[in-house]
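Let me begin by presenting the structure, written as structure tokens, before commenting on it.
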Amino acid sequence: MSKYGTKELNLLNIQIGCELKLARLKKKISQEDLGLSIDADKTKIARLERNASNWNTIYLVSQELNVDFRSLFTLKSKKDILSLIDECKKEDSKLTATKVKYYEDLKKTILRY
């Protein structure tokens, strides 16, 4: 995985925003219509297209933790996600009743899909 600094991440944000905007414009879809189709408002779409996102933080955290950034955006099977939740619970050294409930609620949410 290549390592990027702030400058490269800012360029990447601009690139991502422009690529998404261009695709939207080519399909002649308004920001409002796009937002409605993904259950978001047009402000969120505009922000994304203008480079106001958390990509930098997500990338920097994944880089710091040596997690493949691209793999974060590949949907795993329900079984794998449930296993991931169980692993998180097992590794959580500060497990409280509230956190146990949180992990169980996450699992219930996954099972509903």
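With sequence neighbours left out, the side-chain contact (heavy atoms from CB on, under 4.5 Å) criterion links Ala23 to no other residue. Considering only residues two or more places apart in sequence or on other chains, Thr43 meets the side-chain hydrogen bond (donor to acceptor under 3.5 Å, both in side chains) condition with none of them. Ser77 pairs by the side-chain hydrogen bond (donor to acceptor under 3.5 Å, both in side chains) definition with Asp80, not counting sequence neighbours. Every residue meeting the side-chain contact (heavy atoms from CB on, under 4.5 Å) condition with Glu19, not counting sequence neighbours, appears here in chain and number order: Gln15. Residues that satisfy the side-chain contact (heavy atoms from CB on, under 4.5 Å) test with Ser71, not counting sequence neighbours, are Val67, Asp68. Residues passing the salt bridge (charged side-chain N to carboxylate O under 4.0 Å, His left out) test with Lys27, sequence neighbours excluded: none. Judged as a salt bridge (charged side-chain N to carboxylate O under 4.0 Å, His left out), and not counting sequence neighbours, the contacts of Asp92 are Lys99.
The ring pair (Phe, Tyr, Trp, His ring centres under 6.0 Å) pairs that include a residue from residues 3-50 are Tyr4-Tyr59, where partners are two or more places apart or lie in different chains. The ring pair (Phe, Tyr, Trp, His ring centres under 6.0 Å) pairs that include a residue from residues 9-33 number zero, where partners must be two or more places apart or lie in different chains. Applying the salt bridge (charged side-chain N to carboxylate O under 4.0 Å, His left out) test to pairs two or more places apart or on separate chains, those with a residue in residues 102-113 are Asp86-Lys107, Lys89-Glu104, Lys101-Asp105.
In this structure, NZ in Lys21 is found 11.0 Å from CG in Leu48, a value given to the nearest 0.5 Å. In this structure, OG1 on Thr74 lies 9.0 Å from CZ on Arg70, to the nearest 0.5 angstrom.
Residues Ile16 and Leu34 do not share a hydrophobic cluster, defined by chaining ILVMFWY side chains whose heavy atoms lie under 4.5 Å apart. Under a hydrophobic clustering in which Ile, Leu, Val, Met, Phe, Trp and Tyr are joined whenever their side-chain heavy atoms come within less than 4.5 Å, directly or via other members, Leu12 and Leu20 fall into the same cluster. Grouping the Ile, Leu, Val, Met, Phe, Trp and Tyr side chains by contacts below 4.5 angstrom, directly or via other members, places Val61 with Leu9.
In this structure, Leu72 and Ser62 approach most closely via the heavy-atom pair CD1-CB, 4.0 Å.
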**Study point:** salt bridge (charged side-chain N to carboxylate O under 4.0 Å, His left out) between Arg24 and Glu49, worked out
**Key:** CA-CA 10 Å; Arg24 179 182 60 77; Glu49 291 179 355; 2.6 Å; yes
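Through side-chain heavy atoms spaced under 4.5 Å, either directly or across other Ile, Leu, Val, Met, Phe, Trp or Tyr residues, Leu25 is tied to no other residue. Applying the 4.5 Å side-chain rule to ILVMFWY residues, one finds Leu75, Ile81, Leu82, Ile85, Leu95, Tyr102, Tyr103, Leu106, Ile110, Leu111 in the same cluster as Val100.
Residues Lys44 and Gln31 form no side-chain contact, since every pair of their non-hydrogen atoms from C-beta on lies 4.5 Å or further apart.
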